[in-house]
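As structure tokens, the structure follows; a few thoughts come after it.
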Amino acid sequence: MTAGSSAECDVGVAGGRVVQMGGSLRGRRVIDASGALVLPGGVDMHVHLSLPSPPVPGTPAWVDDFASGSRAAIAGGVTTVGNMTFPWDWQSLSKAVARDLAAAASGSAVDYVLHPVLTSPGAEAVAELPGLAAAGHSSVKLFMMMPEFESQIDQVIAAIALAGRSGMLTLLHCEDGALVRFAGSQLLAAGRGSVADWAPSRPDSAERAAVERAVAICEATGSPVYIVHLSSAAALESARRGQARGLPVFVETRPLYLYLTSKVLAEPDAGKYIGSPPLRESADVETLWRALADGSVHTVGSDHAPWSLEAKTDSSQDVMTARQGVADLETMLPMLFSEGVRTGRIPLSRFVSLVSTTPARLFGLFPRKGTIAVGSDADLVVLDPQRHRVIDGAAMQSRAGYSAYDGWDVHGWPRFTISRGDVVYEDGEVIAPPGRGQWLRRAGGSHTTAAAHLAAP
Ligand SMILES: [Zn+2]
């Protein structure tokens with residue numbers, strides 16, 4: 001099954017690549033996929049397997065690294081990840097990239113790319129972008145809600161223009177920082193600053209305002225933008241208006257927004273569900289599902305950012321300090337299959353496009369990744385639609401030890417995961433050594449040509 005076609009045939013693999021499809025085949029090993037679906041491996045371009053700042057003893061931080069995170073990926077059918085790489089302590093972007101390349105080289109069991117994060121758009125950091133693109137790192141991430149974004153907005157726009165000219169895709173976290181800080185301080189002043197009020201502390205108006213600006217920056221600079229984890233109908237409407245004008249505005253959503261609403265924040269352990277933007281309302285959820293089907297949302301990325309349950313439910317947090325992010329690498333594909341494909345909300349071909357083919361195209365990895373074709377890497381998931389499992393985060397590969405979906409009955413799990421021809425998941429076991437993953441050099445500008453291929457689903 002690919003995003004464009006399906007067939008019942010044997011797939012021949014040699015030297016880590018697909019070498020034959022159909023016809024008669026014989027091999028050293030035969031994997032029986034009867035009753036299951038053979039899909040291209042998941043391409044999750046939004047994960048956090050390295051810390052945003054150096055670890056401080058005694059202070060909670062994200063709990064997965066490239067080793068444990070890539071095991072979670074494998075168990076969930078994801079064979080390529082894109083990691084957000086933050087400079088530490090005013091490190092240059094190149095230093096940060098070198099640091100994470102070394103960590104991933106020894107830890108990652110799946111293939112990977114890095115997205116350098118431009119935390120502060122000073123002249124030196126911005127000047128690094130063309131060199132990073134030339135070295136094969138053709139994406140850059142910015143957080144619109146950071147104070148540095150607003151205070152250096154002229155440099156930010158110049159940086160995004162340069163990124164586009166260098167063939168980079170610009171990833172944007174779209175929330176307006178000033179509006180978010182205003183909402184949070186109002187709630188705190190009114191004595192309503194607990195994490196239960198996380199949703200009103202980051203209203204969809206703040207997300208919409210940021211998306212409007214992202215679209216305007218795209219229009220002004222001509223640089224393609226990729227809006228990470230879009231959460232609301234209001235923000236989607238803004239992105240769609242840009243898309244309707246033919247602008248290269250690409251949209252990712254994340255699993256959290258497809259399955260949960262702000263209602264769960266009334267639970268005593270609301271901290272479990274904190275991410276930003278926050279959970280929205282059921283009308284937003286329905287809008288996002290329709291957008292997955294109609295093509296105005298292009299990809300689903302996990303935004304895997306795992307904390308321990310203890311750190312997430314620590315009662316000292318408030319709306320300004322709550323720890324953001326959840327573990328989602330192992331659950332992303334099975335849940336989207338179970339809740340999307342099985343229910344008929346999205347066709348199987350669209351599922352493949354959302355979690356594999358389109359991210360591979362946008363990030364310059366296609367056709368090596370994102371499809372099953374002769375010459376492509378043999379990254380395959382044998383997904384068994386009958387296999388069901390009740391989610392229990394404590395039994396999963398992430399060190400988070402819990403899942404935001406604990407107790408959900410999910411149908412459709414990998415029977416095998418194959419990465420460059422290696423069987424890395426079989427019989428419920430991850431069998432991949434750390435460090436077997438490879439960094440993927442990307443050509444600049446591939447997303448601009450990819451845009452032309454991103455016709456209606
Ligand atoms: Zn993220």
Side-chain angles (χ1 to χ4, degrees), residues 42-53 60-66 68-70 72-73 76 78 80-88 93 96-97 100 103-104 112-119 137 139-146 148-149 169-177 180 198 202 206-207 210-211 214 225-232 235 250-258 260 271-280 288 297-307 311-312 322-332 355 359 362-363 398-400 403-404:
V43 176
D44 182 354
M45 284 293 103
H46 192 162
V47 304
H48 296 274
L49 305 182
S50 61
L51 297 177
S53 51
W62 291 326
V63 291
D64 281 328
D65 54 19
F66 283 100
S68 61
S70 60
V78 170
T80 308
V81 295
N83 185 69
M84 302 300 167
T85 290
F86 292 78
W88 289 359
L93 296 182
V97 163
D100 274 2
Y112 51 90
V113 301
L114 305 179
H115 312 297
V117 180
L118 187 60
T119 47
H137 306 281
S139 49
V140 62
K141 164 107 183 257
L142 288 97
F143 288 82
M144 295 180 82
M145 79 287 176
M146 283 178 149
E148 293 83 358
F149 184 90
L169 181 60
T170 299
L171 286 64
L172 293 170
H173 176 127
C174 290
E175 285 185 293
D176 183 288
V180 165
W198 183 246
R202 305 180 84 100
E207 187 183 21
V211 169
V225 295
Y226 178 91
I227 297 166
V228 296
H229 54 48
L230 184 129
S231 70
S232 66
F250 302 106
V251 178
E252 169 197 276
T253 191
R254 72 166 148 179
L256 216 50
Y257 307 130
L258 299 172
L260 300 171
K272 285 201 303 194
Y273 308 108
I274 297 296
S276 67
L279 293 170
R280 306 293 190 188
L288 287 177
V297 169
H298 300 88
T299 68
V300 179
S302 69
D303 198 3
H304 184 85
W307 302 86
K312 288 291 273 183
R323 299 189 177 106
Q324 303 172 18
V326 301
D328 230 330
L329 255 170
E330 189 166 340
T331 36
M332 181 169 78
V355 297
L362 286 174
F363 287 88
S398 169
R399 296 184 188 127
S403 164

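In listed order, ligands and their atoms are each counted from 1.
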| query | With the Zn ion (ligand 1) as the point of reference, which N/O/S atom of H46 is the closest? | reply | NE2
| What N/O/S atom of D303 gets nearest to the Zn ion (ligand 1)? | OD1
| query | When rounded to the nearest 0.5 angstrom, what distance separates CG in L169 from OG in S139? | reply | 6.5 Å
| task | Tell me yes or no: between the side chains of S232 and R280, is some donor less than 3.5 Å from an acceptor? | result | no
| field | Distance-only side-chain donor-acceptor flag, H304 / D64, under 3.5 Å | value | yes
| query | Near the Zn ion (ligand 1), is there an N/O/S atom from H48 that is less than 2.8 Å away? | reply | yes
| query | Is the F363 to H115 ring centre distance short of 6.0 Å? | reply | yes
